Amino acid sequence: MSMTTIQFEQVSKRYRQRHAGRADADLWALRDVEFRCGEGEVLGLVGRNGCGKSTLLKLAAGVTAPTSGTVTTVQPIAPMLELGAGFHPDLTGRDNIRLNGSLLGLGRRLSKGLFDEIVRFAELEEHVDTPVKHYSSGMSARLGFAVAVHSPARLLLVDEVLSVGDKLFQQKCLERMTHLREQGTTIVLVSHDDWWIRNFCTRALLFDAGRMVADTTPDEALREYDLRLYKAQAESGNGISVGQVEVFDGGGAAIGQLEGASIQVRIGYDAEAARRPWLLVVRVRREDGVYCTMSIAEGERAGERLPDAGTAVVELDDLRLVVGRYVVEVTIEDAATQAALATQVSAPFFVPGPFDLKRGYDGILRVRQRWSFVERA
Amino acid sequence: MGKDILALLRASDILYTWTLREVKVRYTDTSLGLAWIVLYPAGWVVMFTVLFSRLVPVPVYGIPYPLFVMSGLVPWFFFSSTVSNAVSSLKNNANLIPKVYFPREILPLGSVLVGLLDLSFYLLLMLATMLFFHVGGGWMLVMLLPIVASLAALTLGVSLLTARLALFRREVQLLVPMALQFLMYVVPVFYPVEIVPARFRMFYLLNPLASLMDAFRHILIYRMWPDWHALSYGSAVSFALLVYAYWDFKRAEPEFADRL
């Protein structure tokens with residue numbers, strides 16, 4: 001394995017909450033976290049708000065010390081916990097690049113050429129001598145981003161700052177981040193945007209209430225995260241639940257791999273506690289989150305009522321999915337607001353594809369297809 | 001502590017850009033701009049001159065009173081404005097400290113450097129005034145350097161201590177300006193040390209700021225060697241305080257981000 005760039009050993013962090021007139025309360029933001037990461041790895045941190053992701057980044061950035069355990073990191077680090085840290089509104093873009101850059105390890109290294117490159121990247125050539133208070137929020141975020149990704153950092157810590165600027169700028173961010181990754185920069189990324197975790201990270205850690213509960217592939221971590229969210233929702237106690245969701249093939253055998261184009265989904269559900277009309281919604285999702293198709297049963301329709309609790313079976317025919325892993329997700333929704341009242345996900349099943357194709361399929365559907373060619377005269 | 005100083009040296013470009021930023025921030029967007037730096041002390045000089053050379057005269061050994069009071073105000077402004085800036089230097093950067101690591105002493109140290117810049121400017125102004133009145137001068141002025149160095153050490157020590165304390169106790173930010181106001185009356189700004197009765201003078205000079213300011217005035221306008229005992233005592237206390245304050249500051253530093 002390549003050189004270690006960041007290592008956490010049995011790291012815990014406790015915050016002491018002080019309240020006037022009350023006893024201090026302890027809050028463990030992180031508990032016994034252990035992982036190491038090498039050059040060129042992109043680590044995604046996944047979990048609910050307050051699960052310890054941001055605390056982990058602060059510890060890695062060295063702005064706060066662990067209560068116990070050791071944090072070891074390479075230098076220099078570029079923490080992008082907030083874009084444009086230390087920007088002063090009264091000073092020009094130029095002055096702020098200098099200061100922000102020196103904080104990110106770009107002191108003497110900030111040559112004229114690199115300075116111009118940063119300004120060009122931020123698309124602020126015409127505004128570099130304007131005080132930052134006259135910038136739009138997008139402009140100053142772009143500037144902060146540009147400085148950070150041009151720092152000589154070997155470890156980049158990113159906290160929810162990737163959706164900066166317009167589409168073109170975002171494309172540029174992605175290219176620049178990919179370039180840094182290829183150069184061997186380690187990136188630790190917190191994002192609630194699954195896309196970044198799934199497509200940019202090489203590995204993901206899942207956190208739940210300060211504990212690291214998974215250290216795995218991004219896809220695995222996101223699925224585990226979803227399952228935990230559903231479970232938390234079910235336990236939140238509205239009394240409504242979706243029990244087991246089982247997927248069978250056309251012949252009625254439980255499937256791991258789908259051979260034909262039909263599936264049967266058997267759902268145990270309980271919506272007795274629902275006080276308003278509800279829907280049973282079945283969605284087929286590809287593992288990377290792509291939502292393929294759906295089917296709905298209404299709890300009450302034209303005077304007819306479905307049983308409030310029981311077992312439902314739905315058959316989906318002509319399901320011509322492309323190669324990949326899929327799950328079936330079943331949700332009980334409020335008919336009026338479409339708020340999810342309970343959710344459950346099936347075990348994944350695999351749809352095989354034509355393996356002689358080097359390129360592989362993407363998209364959602366596989367259709368019958370014919371090609372024909374005519375050579376140019 | 002050696003390791004801390006090395007880390008600070010490696011971060012010297014942050015210190016430089018930070019100090020530059022502080023200076024720029026001060027002079028952008030005030031309509032008076034640079035004039036402010038002259039008008040503010042000029043106001044004090046005029047006020048003290050009216051009070052203590054006209055209304056309640058204090059003995060100043062034939063030195064023009066404006067010049068006399070300037071020789072007290074120059075070090076006093078350095079100390080008091082630096083400390084009152086530094087005490088909030090950590091608190092005011094609550095958006096920076098939890099976001100990126102750098103040696104935190106850069107913030108109070110930046111206040112001291114800005115103060116030193118002002119001090120040099122005031123000293124030049126002072127020397128020009130001295131030329132005008134034909135008072136003081138000569139090669140003795142070189143002795144100002146070690147005195148200013150001690151004064152800077154004392155100021156930095158107090159800045160580090162108060163900046164750090166302000167994070168842990170809210171009152172500090174309120175108490176420091178008050179303490180500074182009281183302090184002005186027990187250091188030789190607008191009166192000479194000699195008006196303090198001889199039997200109290202020793203206690204009066206126990207305050208290192210008082211002994212350093214007195215030495216400063218002796219060299220600058222009396223053209224006399226200062227009280228060496230008081231001066232060496234004042235310098236020793238200043239540097240000892242700085243060492244202690246820095247040690248204390250670095251010890252508390254890992255907690256700063258959690259306190260903001």
Side-chain angles (χ1 to χ4, degrees), chain A residues 13-18 20 27 29 54-55 57-67 71 73 75-92 94-110 131-133 144 147-148 151 153 157 159 161, chain B residues 3-4 6-31 33 85 89-107 109-110 113-114 167-171 249-260:
Chain A
K13 175 72 185 178
R14 180 186 56 206
Y15 283 107
R16 191 140 275 171
Q17 295 177 319
R18 275 157 230 272
L27 178 90
S54 294
T55 303
L57 288 188
K58 279 188 182 180
L59 287 165
V63 296
T64 183
T67 309
V71 176
T73 50
Q75 297 290 335
I77 301 175
M80 295 164 69
L81 308 192
E82 183 179 270
L83 290 176
F87 273 10
H88 196 290
D90 286 341
L91 298 182
T92 62
R94 183 182 303 277
D95 290 335
N96 277 311
I97 292 175
R98 289 262 152 70
L99 178 73
N100 188 240
S102 74
L103 288 173
L104 298 177
L106 259 179
R108 290 172 205 91
R109 262 175 283 218
L110 187 58
V132 166
K133 66 179 165 193
V147 178
S151 83
L157 307 170
D159 194 354
V161 293
Chain B
K3 216 175 69 199
D4 293 333
L6 264 180
L8 177 61
L9 287 178
R10 268 199 299 272
S12 58
D13 47 344
I14 302 181
L15 177 61
Y16 173 75
T17 45
W18 179 262
T19 309
L20 204 65
R21 171 190 125 136
E22 291 294 278
V23 174
K24 280 190 176 168
V25 165
R26 196 147 54 115
Y27 294 112
T28 51
D29 245 38
T30 55
S31 47
N85 282 334
S89 61
L90 298 178
K91 276 229 132 149
N92 286 354
N93 289 293
N95 57 350
L96 184 59
I97 289 173
K99 300 296 177 191
V100 49
Y101 180 75
F102 55 92
R104 310 304 192 194
E105 61 269 32
I106 283 177
L107 302 178
L109 190 52
L113 290 183
V114 173
L167 282 192
F168 291 77
R169 305 215 69 87
R170 263 169 189 282
E171 311 79 277
F249 187 93
K250 290 310 268 188
R251 195 186 44 153
E253 188 182 328
E255 266 193 78
F256 286 177
D258 300 343
R259 292 283 178 156
L260 284 164

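Just so it is clear, the values below take in all heavy atoms, side chains as well, and ignore hydrogens, waters and symmetry mates. Remember, it's a predicted structure, so these values are computed and weren't measured experimentally. So that the names make sense, note that chain A is the first sequence line, chain B the second, and so on, each numbered from 1.
- The side-chain hydrogen bond (donor to acceptor under 3.5 Å, both in side chains) check on A:T67 picks up nothing, with sequence neighbours excluded.
- Considering CZ of A:R16 and CZ of B:R259, their distance stands at 10.0 Å, rounded to 0.5 Å.
- Residue contact with chain A, scored on non-hydrogen atoms closer than 4.5 Å, involves the backbone of B:I97 exclusively.
- Taking all atoms of both residues into account, the shortest heavy-atom contact from B:P98 to A:V63 is O-CG2, 3.3 Å.
- Both the backbone and the side chain of A:L103 come within less than 4.5 Å of a heavy atom of chain B.
- Here the straight-line distance linking atom CG of B:L96 with atom CG of A:L99 works out to 7.5 Å at 0.5 Å rounding.
- Atom CD of A:Q75 sits about 9.5 Å away from atom OH of B:Y101, to the nearest 0.5 Å.
- To the nearest 0.5 Å, atom CG of residue B:N93 and atom NE2 of residue A:H88 are 9.0 Å apart.
- In A:Y15, the OH atom is crowded: over 12 heavy atoms of neighbouring residues, nucleotides or ligands sit closer than 6.0 Å.
- At a threshold of 4.5 Å between non-hydrogen side-chain atoms, the residues B:V100 and A:L81 do not count as touching.
- Each salt bridge (Lys or Arg N to Asp or Glu O under 4.0 Å) pair with one or both residues in residues 96-105 of chain B, not counting sequence neighbours, appears once here: B:E105-B:K250.
- Classification of B:D258 and A:K13 as a salt-bridged pair holds, one side-chain N sitting under 4.0 Å from a carboxylate O.
- The neighbour count for B:R251 CZ, taken as heavy atoms of other residues, nucleotides or ligands under 6.0 Å away, is above 12.
- Classification of B:R21 and A:D95 as a salt-bridged pair fails, no side-chain N sitting under 4.0 Å from a carboxylate O.
- Per-residue heavy-atom pair counts under 4.5 Å with chain B were compared for A:P89, A:A65, A:S102, A:A61, and the maximum is reached by A:S102.
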